[in-house]
Amino acid sequence: MSVHSSYPLAPLPPTPRKLLLVASTGGHLAQLVRLAPGLGASPSSLWVTFDSMQSRSLLAGQRRIHVPYVRPRDYLGMMRAAGIVRRVLKHESFDGAVSTGAGLAVAALPQAAISGVPSLYIESVSRVEGPSLSGRVLAASRLVSVRTQHPAWATERWRTYPSVLSTYHALVKHAPDRPSLFVTLGTIEGYRFDSLVDAVLASGLADERTVWQLGFTTDRTDLPGQVHQMMPTAMFVDAALTADVVITHAGVGTFMGLLELGVFPVIVTRRKHRGEHVDDHQMQIAELAECLGVARAVDAPDLTAEVIRFAAGRAIDTGVSVSLTTDR
C-alpha cells in the first residue's frame, strides 16, 4: 500500500483534522509544533512524544501520550513505541498521521499507514543535503508520504514541503547608529572560523560592548569586548537578547534558536575551501534563510558594516511560543 500522494504540499487554508502527531523531543518536536497549524491539526489531535521539560512545556493543554525514550537506532525501543501506537490506533481513528522524526517516526508512521491512516513524514530542516536514515527507511517502505524542506534535493518521491523557517516573519525596528554585537561561531570541534572574526573586525563595529563566543577558534587576543570560548545556555541567551545584532555561523540549531528568541541574525557560512567545515552544506540553509527573509546570509568576505546595520533594524515575529534550547 502506498499513500505518498495523500497530502497536498501546502494546505492553505488548512482544513481542521484530527491528526496523530509524532516526534522525538528536541528540534524534531519543536519543528512539528510550528508546522502543526499549517497541517490543520485540530484540538482533538493526539501528540506522541517523550516525557521531558520541553514536551510538557510545548504541549501544555494538548492531548498527548508519552512513550519511553527511543535512542538513535534503538530497534527494541522502536518496537516498544510501535506497540503503544498500535494500541492507540485500535481505540481511536485519525484523519492523518504526521512526523518530523526521528526513530519515533519509524516506529509510528508505518503502524498508522497499515491501519489505513494517511501518513506523512517531513524531514528535518537540518537535513540540507539529503534524508536521514529514518527518512530513507520510511521512503523505502512505500507506506508513507515523504517530504523535504529543501528544494535542492527534492525528487519525484521526495517532494517539497514549505520550510518551517517560513513560519517566522521579519519585522522592522529602530536601528541604532552604532549597534552592539554578539558574535557566536558555534562549537564545531576542530574547525576554526577566523574569517568571520576578521570580517567583524574589518567592519569597524566591534568595540568594548561586543561579546564573542569563539568555540574552537582559539588564541584570538586581538578582540575588543568580552571573549568566551564556550558559554552556558543562560549566558548565551542573555547575550543574544541584549545585543543589537547577533552574527553567527549557519548552524541550524543555533540559527533556529535565535529565531525563537525573536532575533534577526546575520548568518555567515563556514566554507570547506577555507578549512572551516567538512563540506559546504551551510550554504543551503543560508540561501533558504535569505530567500525567506528571516536573516541576512553572507560569506565571510561579504560581511560589511552595511550588512550588520541592516540586521540591526530587523527583528523576528515568531508567531507562537516554542523553545529550541531544551533537549538539544
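All residue numbers in this chain count up from 1 along the given sequence.
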- Message: Grouping I, L, V, M, F, W and Y whenever their side-chain heavy atoms are under 4.5 Å apart, do Val106 and Leu104 come out in a common cluster?
- Response: yes
- Query: Can you tell me if Ser55 uses its side chain to pair, donor with acceptor, with the backbone of Phe50 under 3.5 Å?
  - Reply: yes
- Query: Are Leu138 and Ile114 connected in the hydrophobic side-chain network, where two residues link if heavy atoms are under 4.5 Å apart?
  - Reply: yes
- So Ser132 and Ser134, side-chain hydrogen bond (donor to acceptor under 3.5 Å, both in side chains) or not? Walk me through it. CA-CA 5 Å; Ser132 62; Ser134 297; 4.5 Å; no
- If you group Ile, Leu, Val, Met, Phe, Trp and Tyr by side-chain heavy-atom gaps below 4.5 Å, do Met283 and Val278 land in one group? no
- Task: Return yes if some donor-acceptor pair links the side-chain N/O of Glu208 with the main-chain N/O of Gly225 below 3.5 Å, else return no.
- Result: no
- Item | Cluster link Leu196 to Val263, ILVMFWY, side chain under 4.5 Å | no
- Message: Any heavy-atom pair between the side chains of Ser24 and Thr100 that's under 4.5 Å?
- Response: no
- Message: With rounding to the nearest 0.5 angstrom, report the CG to CZ distance, Asp238 to Phe182.
- Response: 9.5 Å
Return all side-chain donor-acceptor pairs below 3.5 angstrom for residues 301-313, not counting sequence neighbours, or 'none' if the list is empty.
{"unit_1": "Thr304", "atom_1": "OG1", "unit_2": "Glu306", "atom_2": "N", "d": "3.4"}
{"unit_1": "Thr304", "atom_1": "OG1", "unit_2": "Val307", "atom_2": "N", "d": "3.2"}
{"unit_1": "Arg309", "atom_1": "NE", "unit_2": "Asp177", "atom_2": "O", "d": "3.3"}

- Item | Spatial distance of atom CG (Leu39) from atom OG (Ser45) [nearest 0.5 Å] | 9.5 Å
- Message: How about NZ on Lys272, more than 12 heavy atoms from neighbouring residues, nucleotides or ligands closer than 6.0 Å, or not?
- Response: no
- With the 4.5 Å side-chain cut-off for hydrophobic clustering, are Val22 and Val67 part of the same group? yes
- Item | Within-4.5 Å side-chain heavy-atom neighbours: Met256 and Gln31 | yes
- Residues two or more places apart in sequence or in another chain: which of them pass side-chain hydrogen bond (donor to acceptor under 3.5 Å, both in side chains) with Asp194? Arg192, Arg220
- Side chains of Tyr168 and Glu260: is there a donor and an acceptor less than 3.5 Å apart? yes
- Query: Side chains of Ser145 and Arg147: donor-acceptor distance under 3.5 Å anywhere?
  - Reply: yes
- Item | Short side-chain to backbone donor-acceptor contact, Thr49 and Ala23, under 3.5 Å | yes
- Inspect the contact between Arg296 and Glu290 and indicate whether a charged nitrogen and a carboxylate oxygen are less than 4.0 angstrom apart. yes
- Message: So does Val117 get a backbone contact from the side chain of Ser119, meaning a donor-acceptor N/O pair under 3.5 Å?
- Response: yes
- Query: Okay, side chain of Arg274, backbone of Ser195: is any donor-acceptor separation there less than 3.5 Å?
  - Reply: no
- Give a yes or no on whether the backbone of Leu19 and the side-chain of Asp95 come within a donor-acceptor separation of less than 3.5 Å. no
- Message: So does Asp299 get a backbone contact from the side chain of Arg271, meaning a donor-acceptor N/O pair under 3.5 Å?
- Response: no
